Amino acid sequence: DAKTTQPPSMDCAEGRAANLPCNHSTISGNEYVYWYRQIHSQGPQYIIHGLKNNETNEMASLIITEDRKSSTLILPHATLRDTAVYYCIVRVAVGGATNKLIFGTGTLLAVQP
Amino acid sequence: DAGVIQSPRHEVTEMGQEVTLRCKPISGHDYLFWYRQTMMRGLELLIYFNNNVPIDDSGMPEDRFSAKMPNASFSTLKIQPSEPRDSAVYFCASSGRGPQHFGDGTRLSIL
């Protein structure tokens with residue numbers, strides 16, 4: 001599986017967009033980029049995933065560079081409840097289901113009032 | 001919709017005792033995963049099942065750990081005998097054709 005690199009921490013002002021970067025320079029053609037987050041004392045929560053096209057859902061947008069070596073998760077209007085550790089994971093989707101998610105250390109996003 | 005349900009939420013016991021953690025996956029999901037999270041090692045996969053059959057248990061730390069899935073709606077993770085280094089938060093997750101959904105975990109403390 002491709003390795004991912006994320007900054008250990010970031011700050012964001014409440015109401016502003018939070019842009020969380022992830023490098024995955026060794027990503028293979030059949031590997032997806034997944035984003036999860038973990039709010040303190042809760043289980044990880046799925047946010048979004050993509051292969052090569054940009055994706056958007058009710059939680060966030062995912063921008064993947066054309067060479068697929070990096071991506072950015074965008075929370076358009078961060079709130080205090082978005083304070084969490086955000087994990088970027090690269091994984092082949094096997095039969096439509098993702099197996100063996102390997103979590104790194106992630107980025108601790110602190111949304112400031 | 002009910003999510004992944006884990007019990008108990010907290011468990012405190014003395015070393016040497018048997019510990020059983022329980023998980024009810026989301027109905028219709030055919031994959032079930034057990035993870036462990038510690039400060040030192042982060043979030044690591046222990047074992048996962050597909051259609052109630054264990055597929056990969058390479059993350060199970062040692063023979064003191066065992067996991068079963070007797071039916072599609074229930075799984076257990078057992079530690080016997082327990083040791084202080086087993087103290088961690090244990091998460092269960094399930095998935096179907098999409099991403100994994102996690103429970104809120106069991107915080108286990110072995111004294």
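The structure presented is a predicted model; accordingly, all values stated were derived computationally and were not measured. So you know, we letter chains A, B, ... as the sequences are listed, proteins then strands, and number each from 1.
Heavy-atom distances place both the backbone and the side chain of B:Asp104 under 4.5 Å from chain A. Heavy atoms closer than 4.5 Å to chain A are found in the side chain of B:Gln37, but not in its backbone. Contacts of B:Ser58 with chain A are made by side-chain atoms alone, with heavy-atom separations under 4.5 Å and no backbone atom involved. In this structure, chain A has a heavy atom under 4.5 Å from the side chain of B:Arg9, while its backbone stays farther away.
The shortest distance between side-chain heavy atoms of B:Ser87 and B:Thr38 does not fall below 4.5 Å. The closest side-chain heavy-atom distance from A:Cys22 to A:Leu73 is not below 4.5 Å. Between A:Ile63 and A:Asn19, the closest side-chain pair of non-hydrogen atoms is not below 4.5 Å.
With respect to B:Glu83 and B:Arg64, a salt bridge is recorded, a charged nitrogen being found less than 4.0 Å from a carboxylate O.
Within residues 42-59 of chain A, the residues having any heavy atom under 4.5 Å from a heavy atom of chain B are, by residue number, A:Gln42, A:Gly43, A:Pro44, A:Tyr46.
A donor-acceptor pair is defined here as one N or O able to donate and one able to accept, closer than 3.5 Å; no such pair exists between the side chain of A:Asn23 and the backbone of A:Ser25.
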task: Go through the steps to decide whether B:Tyr31 and B:Arg97 satisfy the test side chain to side chain contact (heavy atoms under 4.5 Å, CB included), and finish with yes or no.
output: CA-CA 9 Å; B:Tyr31 285 87; B:Arg97 297 297 98 186; 3.5 Å; yes
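In this structure, CD1 in B:Ile79 is found 6.0 Å from CD1 in B:Ile110, a value given to the nearest 0.5 Å.
When the options B:Tyr90, B:Tyr48, B:Phe102 are evaluated for a ring-ring contact (aromatic ring centres under 6.0 Å, His included) with B:Tyr35, the one that passes is B:Phe102.
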